[in-house]
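The structure appears right after this line, and notes come after that.
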Amino acid sequence: MLTRIYNIKKACGDPKAKPSYLIDKNLESAVKFIVRKFPAIETRNNNQQLAQLQKEKSEILKNLALYYFTFVDVMEFKVYITKCIFSTMQTVNFDLTKNYLDLVVTYITLMMLLSRIEERKAIIGLYNYAHEMTHGSSDREYPRLGQMIVDYENPLKKMMEEFVPHGKSLQDALVSLQMVYPRRNLSADQWRNAQLLSLISAPSTMLNPAQSDTVRMRYKSLSLFCVLVGFILCHAALNTDPAALSLWKLALQSSSCLCLFRDEVFHIHKAAEDLFVNIRGYNKRVNDIRECKESALSHAGSMHRERRKFLRSALKELATVLADQPGLLGPKALFVFMALSFARDEIIWLLRHADNIQKKSTDDFIDKHIAELIFYMEELRAHVRKYGPVMQRYYVQYLSGFDAVVLNELVQNLSVCPEDESIIMSSFVNTMTSLSAYTSVSKASLGLADHRELGKMMNTIIFHTKMADSLVEMLVETSDVSIFWHHIGDRSLSLCNMFLDEMAKQARNLITDICTEQCTLSDQLLPKHCAKTISQAVNKKSKKQTGKKGEPEREKPGVESMRKNRLLVTNLDKLHTALSELCFSINYVPNMMVWEHTFTPREYLTSHLEIRFTKSIVGMTMYNQATQEIAKPSELLTSVRAYMTVLQSIENYVQIDITRVFNNVLLQQTQHLDSHGEPTITSLYTNWYLETLLRQVSNGHIAYFPAMKAFVNLPTENELTFNAEEYSDISEMRSLSELLGPYGMKFLSESLMWHISSQVAELKKLVVDNVEVLTQMRTSFDKPDHMAALFKRLTCAVLKRMTIIGVILSFRSLAQEALRDVLSCHIPFLVSSVEDFKDHIPRETDMKVAMNVYELSSAAGLPCEIDPALVVALSSQKSENISPEEEYKIACLLMVFVAVSMPTLASNVMSQYSPAIEGHCNNIHCLAKAINQIAAALFTIHKGSIEDRLKEFLAVSNTISSNCPNSRLKIVQESPFLTMDLLESCFPYVLLRNAYHAVYKHD
């Protein structure tokens, strides 16, 4: 009933949810008329004011029925409550007293909530008018309902009049709390001096069961509302009973506002003062109220703050002891439920007052540690749920071994035990509450007022039976703080999301700081830092003194792990401590339910780790677009591995699948862009190698050294800002393959092939410009003089572009070899299977099938006779305006163009062969790879004979000149389609051998 009235009030207070008839401008005058005349509304003589309602009467009946009949139910409920409230109470019977007071509180709350619905007259009047217009008469409940609404305009004043006949019953029930209520309102210092809730304050009695004459009142929440408003209804007791006045003033001093229902509050001091100021002879009570209000505003906040501070330490101690010795949950269960009840009351008090502060100073109402108190409550609740069977077994034995014996003795000592009571006594465990209530009524022959020991024992037994049968209900009764969600309202979902997100962010930041520290430590182990140590060792061995005197010796890696004592705490230690606490909180519950929404704290951390790991990997590349600087792949790999090691250690703190984080992040880094559209390390390194390293090769600042399998800087006037060897040797390329993986290396290959295809397109344009001369040279290669004359007519050289293609292919060869090495370590059996498959393709296999096998092999880093990536790149150049035959002819003439241009290499000083690098400083040793792979790709596309075209190439080049035999030798050595005997027919091998001998001897 309270919930229904509360929902009506909230709906009427929200413009979006309020019934449309109450905000319709056309009906505004009619609604005002009904409210003004309520409840006696003359409908027949006021047709003009109510004419607008005629059209809406059916809709009004339909839409306001739920509101109207809720008010009717309130009226019926009120009648029922007033009949139930007449009882004579006894202070010994806890259940009957508490239920009576709860009934009074419910009645008061309901009527006060009803009076707060400002639109109640309009809703009831509109519905009754529509009912009368539709059915010809008013609703039969309307007269009584209308009168109730009028009577309870001031609900407290009306109820004061109602409770005059049975004020004595209410007074007795309230005064019976004087033995219990003051104990719940002691200061924190008094609790601390009494060692409240402490199990270890008296070790000798630790195993003794916790007992009390008022055992069930120890953990029950005694409502302030009940005491304060209850004495207002029976206010005569404040003038006649000092105990009542003392109890009422104590309650007034401890709180400034009361909770009606959920987030609806009631300011007691103002309401009481407004009521008593109009009653003759109550000036003293008015002064008492004002003094108590000032005391509450001045001291209540600090008093409750200190209570919460005490409860935090007390609950922490209690939870720690019970975690170590869960068997104490049996004898000390009362302490657990007292602690939960006290903490719950303080939390609700703070929640109620934080938003209704009537004083400028708000420090006492802002508690940053409230979450800690709630956490310890959850710890105690978890202990009770986990060790519930232990507690139940303990109290079953207690009931049969002690309670039954004591109760039997008490019953035998009774002077009179009528038959009705005797029957109930025979099954006391199951009917204890019934017996307690039965013996409390005035007509019972066996009265609890005359046998207090029996009443106390029955209260104790009821508590013990609840420990055996109703642990879950006891947890709800003593520690339910679900009012939080109602207090926060619609913001609860967003606040929960914000809280979990902020917690995950803090954990992420700590992990990032730890990763930074670990990356710094890993960086100290890089080979580049050992040069100074080696130098010092060599100088020490040779007894050479270097460096300035007094120069501090560089600390060696690992020094940070040496501790002189246990008190020394490093920054890394602090970070790990803070991280363990945060992760413990995140891992405390797997899921959180809020308004039928499920929140998973661990997923928040996982998502934040993925985002931060992605940004960190890209950030660790240290790519500077302005200066074209980037981290070496090996250094980045070291940092990434250090980062991953830290992330893997997170699994020791919180149950998350860190492998999923690695898969999601690292797989995205193998693509051109990540899921957010940001550049990845694949795109950064691909751009750097293409636009920086290989571009400098084209400019003649860097050369490819086959002997070193690396690109090396050449001595030039303008030195480069980077050392090419440190980015392109075999170890760096392997590190690059580890980082980029097969997908990233495939993207790198495709980018390289795109550049090659653009060079081939330019070469084809040169062929088209010289097509007539090249056609004649192709058919006249056996006429040296004519060939020489034709060669002079060629307008442009092609070898520079072919050299660029060769350099790019050489770089790709390094990348493929590194990929093969890496995959052979990770998946050796799969790589060997792919290699075996490639090596055993029959020659007569269809080219489409063969290309599929080559594509698989290329993805594994294996070299192929025909490069599938190059074939795909060159296939995209087919023009619709040129026939296939013409395309084939251009491809043949391109090879002729390159062949006839070969002799020009001898005139370049940079073309001299260097035995040390097994190549030439102008990279012409890369021509062989370019010629072989371009020929294989072009004639695969045009379905020509690769072998015949390469033979033609050798014949043409040899006819023009016998210079540069080394280039021809490399072409034959690297080609899978040519043999050495073919070279012997063109150029005797003895001449090649003598040439190599002379060069090596000179070198």
Side-chain angles (χ1 to χ4, degrees), residues 92-95 98 180 195-220 318-319 321-342 380-414 417 421-422 424-439 448 451-479:
V92 179
N93 190 336
F94 172 81
D95 286 297
K98 182 180 183 302
V180 181
Q195 294 290 314
L196 185 71
L197 305 177
S198 178
L199 298 182
I200 59 177
S201 59
S204 59
T205 62
M206 187 178 290
L207 297 179
N208 295 348
Q211 294 180 338
S212 172
D213 292 343
T214 56
V215 61
R216 298 180 64 201
M217 294 186 182
R218 291 285 186 173
Y219 63 85
K220 290 285 186 179
L318 192 61
V321 173
L322 293 177
D324 184 63
Q325 299 294 332
L328 292 176
L329 280 167
K332 302 300 182 182
L334 179 60
F335 280 28
V336 174
F337 291 107
M338 284 173 60
L340 290 173
S341 179
F342 287 2
L380 291 178
R381 286 165 58 94
H383 289 330
V384 173
R385 286 192 294 263
K386 183 177 181 179
Y387 299 106
V390 175
M391 300 175 67
Q392 290 171 332
R393 186 163 57 250
Y394 176 87
Y395 280 102
V396 166
Q397 295 175 4
Y398 199 109
L399 284 165
S400 61
F402 180 81
D403 288 341
V405 176
V406 174
L407 184 63
N408 185 46
E409 292 177 358
L410 289 173
V411 171
Q412 289 179 356
N413 293 332
L414 292 177
C417 186
E421 285 86 338
S422 178
I424 298 177
M425 284 286 189
S426 62
S427 56
F428 72 94
V429 174
N430 294 324
T431 60
M432 190 55 59
T433 304
S434 301
L435 174 62
S436 178
Y438 183 81
T439 54
L448 283 184
H451 300 85
R452 289 181 175 271
E453 290 300 322
L454 178 61
K456 295 174 184 177
M457 190 63 200
M458 286 192 294
N459 276 336
T460 302
I461 292 176
I462 292 173
F463 171 71
H464 292 170
T465 56
K466 285 192 174 185
M467 293 296 98
D469 300 329
S470 308
L471 281 178
V472 176
E473 290 80 355
M474 284 289 292
L475 286 177
V476 174
E477 181 181 351
T478 56
S479 60

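These values consider heavy atoms only, across backbone and side chains, with no hydrogens, waters or symmetry-generated copies. None of the values given here were measured: they were computed from a predicted structure.
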Evaluate the side chain to side chain contact (heavy atoms under 4.5 Å, CB included) criterion for residues M474 and L340: first the C-alpha distance (whole Å), next the side-chain angles of each, then the deciding distance (0.1 Å), finally the verdict.
CA-CA 10 Å; M474 284 289 292; L340 290 173; over 6 Å; no

Identify, with sequence neighbours excluded, every residue that meets side chain to side chain contact (heavy atoms under 4.5 Å, CB included) alongside R393.
V390, Q397

Side chains of F463 and L334: does their closest heavy-atom pair fall under 4.5 Å?
yes

Per-pair distances, 0.1 Å, donor-acceptor, side chain in residues 197-207, under 3.5 Å, sequence neighbours excluded:
| residue | atom | partner | partner atom | Å |
| --- | --- | --- | --- | --- |
| S198 | OG | S201 | N | 3.2 |
| S198 | OG | E317 | OE2 | 3.0 |
| T205 | OG1 | A202 | O | 3.1 |

Backbone N or O of F337 within a donor-acceptor pair of the S341 side chain at under 3.5 Å?
no

Is a side-chain donor or acceptor of Y395 paired with a backbone partner of T465 at a separation under 3.5 angstrom?
no

Looking at [atom1] of [X] and [atom2] of [Y], how far apart are the two atoms once the value is rounded to the nearest 0.5 Å?
X: F342; Y: L196; atom1: CZ; atom2: CG; answer: 5.5 Å
X: I462; Y: M467; atom1: CD1; atom2: CE; answer: 12.5 Å
X: L407; Y: M458; atom1: CG; atom2: CE; answer: 8.0 Å
X: E409; Y: M457; atom1: CD; atom2: CE; answer: 9.5 Å
X: D469; Y: Q392; atom1: CG; atom2: CD; answer: 7.5 Å
X: R385; Y: M391; atom1: CZ; atom2: CE; answer: 12.5 Å

Taking it one step at a time, do L328 and F335 satisfy side chain to side chain contact (heavy atoms under 4.5 Å, CB included)?
CA-CA 10 Å; L328 292 176; F335 280 28; over 6 Å; no

Geometric class of the Y394/Y398 ring pair [parallel <30°, tilted 30-60°, perpendicular >60°]:
tilted

Any residue meeting side chain to side chain donor-acceptor pair (under 3.5 Å) with H383, in chain and number order, not counting sequence neighbours
none

